[in-house]
Amino acid sequence: MRVDVQALGACNRLAEQGAEQAAGALAELTGTDLAVEVTGASVASGEDLAEAFSGRESIGVSVGLRGGLEGEAVLAFDAAHADALLSLLPGGGAMERSAVTEVGNIALGGFLDGWANYLGTGIDMTPPRYFEADGAAVLPDGALAGDGVFLFESRLDATTTDLDFSIYMLPDSGPFRDLIVGKTAPTAAGAGAGRSDRGGMEPSDTGSTAVPYESLSTFASLAKRGSANAADNISMMTGLDTSVDVSRLRFVPLADVPAEVGTEPHAGTVFELQGEPSGYLAILFEEESAAAIAASMLPTEPDEPLGGMAENALCELGNVMTSGFIDGWANVLGTSISHSPPEFVHDIGASTISPLVATLGERQDYGFVIDAAIQTEGVQARCDVYALPDERELAAALARLSEQ
Amino acid sequence: MSHPPSSRGRKSLDDDGGSTGRSRIKVGVGELAVATDGETLTTSGLGSCVAVALLDDRTGVRGLLHAMLPTEDNARTAAARPGKYVDAGVETLVDELRSVGASPNRLEARVAGGAEMLDLTDAVGPRNVEHAERSLDAAGVPIVASDIGDGVGRTVRFRADGGLVVRAADGFERTL
C-alpha cells in the first residue's frame, strides 16, 4: 500500500477541525478558553505502539464506524493529561465519566463529520463507549497486529495548562485507506472539505509524494534508531547515561512547529543537511538544561552559564548528536547525507526555528518532523531534536528503499 | 475566504492587567486576526517572520498578521493559511479591516520582526521586511513605527489603545 503524503495533509486538516470541535466542546463544559495549538499525524507500527504504551494508563472513548468508514476510532487522554482535563471541570473528578464521554463523543463526531464531508458519504457512529485502559489495550482492535495505526494527536492550549489528546484510526479501514493512498483525494478535497487548498502540491505532483506505507513505517523506526545513536554519542562524549524518552515521526503543518517549540528561551544548535534528503536539524535545550549539560562537559565552571565556553561545548555536542542522527538514515536509505557546521542559537525557542520552517515552507506546507526527547541521567538535562527533511526528497528516498 | 478573529486564536482574559475584562486573541504563524471590541492581539516567537499591526485610529479597529514568507509570487504550494505570505497577508488583512468598518485611508502600520536569526538560512527576515514595506506602500498605509531586523526573537502584543508592545527574548520591552 502506498501513502500519498499530499493526502496526509488533507487528513491533518480534518484532524485539526475535529480538534477544534473538541476545544469548543471543552470550552463550553469548563468555562475555560481553549485553542488548538498543534495537530499532527503520525504513523506508528504495532511494535512501536506496544513499546510506547507499556506502563501507560489512558482514559477515553471509542466508537464503532459504519458506512463511509469501517472500523473503530478511539480518542484517548493519557491518564496524566486526564488529570489536567478534570482539573478544568467545575465538578472535578465526579464528572469524569460523563465529561470525558461527552468531550470524546463531540471530538470524534467533529473529526468524523470532516471525513464524511471529505468522502462525500455518511459515516455512522455507534454510541460512545467510555473506557479506562492499561497499556496498548486503549488502541483499536487489530492495531498491534497489522500495519499499526494512524495517530492524530492534538495539543490544546488552556490558560493554565496544556491538554493533549490522541485519536487513533486503523489504516486499513476501507475508504480511509483509499484516502491516504491518494485515490480519493484529488476530486474530493476541494468540494468535500470546503477548501481548495490541500496543503500539498499540485495534482500533477501527486506521484512524487506517494510513498509505500511500509517504508514510512520503516522510516519511523529508523528515526528512533537515529535518536538512540545520538543519545549513545552523548554518553560517549560526556560519560553520562543518556536515554531517548520519546521518538516519533510525525506529519505536521510546518507553521505549527514554532508553537510546538514554545516561547521559553532555548539554547542549542542548528544544522543544514545536504544530500538525500536535505533539510534542517535543530537540537534545542531549555536554558537550564543547556547550561547544565555544557557545565558537565567543561573542566572548570564557566564564568557565564551560556557564554562562549558553553557555546563551544554545545556545538561540539550538537556535532556528535547530528552525526549519530543522520548516519542511521543514510545507512538505511542507502543515500549520502552530510551536515553543515553547527550554528549556535540562544533565543525564544519558536523564534530560533522559524527561519528553518520558513525556508522549507517555500516548497511545502506540511512536513515530516522527527522529534526526539533525549534525557541525561545525573545532570538534569533534556533536549528536543527537530529534524525537518525536505518532503519530496524524503518521499523519493523512501520509494527507492521499497524497490530494493 | 473568511477568517473570524477567533478562528484559531484563543480568547482569554486580558493579561494587560485584566481589569478591562477584554479578551486576548492569539495569532499563530501564517495567520491573521481582526479585533473590533478592544481585544489584545498577540503573537509570539517571531524570528525571521514579520508581524504587521494595522490600526484605524478613528474606529479603533485593529488587525495583526504573522507572516512567514515574503511573497506568493514564487510559491510552489497553494498557501494553506491566509497569512503565510507577507504580500497576500497584508492585502487580506486590509480587506478584512475594511469589511468591519475601517477605512483603508486611515490605516497606519507598525511592523516588528524580520530578524536574521541564522546564517544558515537565506536572509528570509530582511526579505520579509522589504516586502512588508512594499505591500504597505502599495496599499497606501504608512508605517508609523517599527522594530525590525537584528538577530533577536520577538513577541508582540497589540493593545486596544493602538500601542504595539514588542518584547525581546531577554525580556526588554518597547512600545511602538
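A, B, ... follow the sequence lines: proteins, then strands. Residue 1 opens every chain. Remember, it's a predicted structure, so these values are computed and weren't measured experimentally.
For A145(B), the side chain to side chain contact (heavy atoms under 4.5 Å, CB included) partners two or more places apart in sequence, or in a different chain, are R110(B), L176(B). Remark: F271(A) engages H339(A) in a ring-ring contact (aromatic ring centres under 6.0 Å, His included) (not counting sequence neighbours). R62(B) is linked by a salt bridge (Lys or Arg N to Asp or Glu O under 4.0 Å) to nothing, counting only residues two or more places apart in sequence or in another chain.
In summary, the side chains of D87(B) and S135(B) do not present any donor paired with an acceptor at a separation below 3.5 Å, with no hydrogens or angles considered. Side chain to side chain, E287(A) and H346(A) meet the donor-acceptor criterion of an N or O pair below 3.5 Å.
L356(A) touches chain B through backbone and side chain together, each having a heavy atom under 4.5 Å away. Only the side chain of E343(A) comes within less than 4.5 Å of a heavy atom of chain B; its backbone N, CA, C and O stay farther away. Looking at V270(A), the atoms closer than 4.5 Å to chain B (heavy atoms on both sides) sit in the backbone and in the side chain alike. Interface remark: P258(A) contributes side-chain atoms only to the contact with chain B (heavy atom separation under 4.5 Å). With a threshold of 4.5 angstrom between heavy atoms, V261(A) does not approach chain B through any atom at all.
D56(B) and R58(B) are not joined by a salt bridge, as no carboxylate oxygen comes within less than 4.0 angstrom of a charged side-chain nitrogen. Between R127(B) and E362(A), at least one side-chain nitrogen of the basic residue sits less than 4.0 Å from a carboxylate oxygen of the acidic one, meeting the salt-bridge criterion.
By the 6.0 Å contact criterion, CD on E288(A) is open, its count of non-hydrogen atoms from other residues, nucleotides or ligands being 12 or less.
Scanning residues 44-55 of chain B against chain A with a 4.5 Å non-hydrogen threshold yields S44(B), G45(B), L46(B), G47(B), S48(B), C49(B), sorted by number.
Of all the listed residues (G349(A), S340(A), A358(A)), the one sharing the greatest number of non-hydrogen pairs under 4.5 Å with chain B is A358(A). Highest contact tally toward chain A, considering only L69(B), T155(B), V124(B), V152(B), is held by L69(B) [criterion: heavy-atom pairs under 4.5 Å].
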Next on the checklist: Checking S23(B) against E39(B) for the side-chain hydrogen bond (donor to acceptor under 3.5 Å, both in side chains) test, could you report, in this order, the C-alpha distance in whole Å, the side-chain angles of both residues, the deciding distance, and whether it holds?
Outcome noted: CA-CA 5 Å; S23(B) 56; E39(B) 302 96 331; 4.9 Å; no
